[in-house]
Amino acid sequence: MCVGLSARVVKVKDGTAIVDASGAQREVSARLIECLEPGDYVMVHAGAAIAKITEDDDEESEEVMGLLS
């Protein structure tokens, strides 16, 4: 099973983004998404931001992940 994690973009530079996922920050590739800016929300899978999502999507994702743990 593949699971993507939602995260908020903190910083973007040279095709790389620093994202915050539930308080844990990590560096991911941002090359798949155009016009990514700090404050955007993304779905992260296998070290890459794969899609922009809304803040509501992020909250729903965190709720679901909380139910699974």
Inset, instruction - Check whether Leu5 and Ile53 end up in the same hydrophobic cluster, where Ile, Leu, Val, Met, Phe, Trp and Tyr are linked by side-chain heavy atoms less than 4.5 Å apart. - result: no

Legend entry - Pairwise salt bridge (charged side-chain N to carboxylate O under 4.0 Å, His left out) hits with a residue in residues 9-26, at least two apart: none

Legend entry - Linked, directly or transitively: Tyr41 and Met43 (ILVMFWY side chains, under 4.5 Å): yes

Inset, instruction - Return the set of residues passing side chain to side chain contact (heavy atoms under 4.5 Å, CB included) with Thr54 (not counting sequence neighbours), or none when no residue passes. - result: Asp56, Asp57

Legend entry - Spacing of CD1 belonging to Ile50 relative to NE2 belonging to His45, to within rounding of 0.5 Å: 6.5 Å

Legend entry - Closest heavy-atom pair and its distance - Ala51, Ile33: N-CD1, 3.5 Å

Inset, instruction - Could you pull out all residues at least two apart from Thr16 that satisfy side chain to side chain contact (heavy atoms under 4.5 Å, CB included)? - result: Glu27

Legend entry - Summary of salt bridge (charged side-chain N to carboxylate O under 4.0 Å, His left out) pairs that have at least one residue in residues 30-42, sequence neighbours excluded: Asp40-Lys52

Legend entry - side chain to side chain contact (heavy atoms under 4.5 Å, CB included) partners for Ala30, two or more places apart: Ala17, Leu36

Legend entry - Residues, nucleotides or ligands: over 12 heavy atoms within 6.0 Å of Gln25 CD: yes

Inset, instruction - Evaluate side-chain contact (heavy atoms from CB on, under 4.5 Å) for Val9 paired with Val42, printing each intermediate quantity in order. - result: CA-CA 7 Å; Val9 176; Val42 293; 4.0 Å; yes

Inset, instruction - Using a 4.5 Å cut-off on heavy atoms from C-beta on, say whether the side chain of Ser6 contacts that of Val44. - result: no

Legend entry - Partners meeting salt bridge (Lys or Arg N to Asp or Glu O under 4.0 Å) with Asp58 (sequence neighbours left out): none

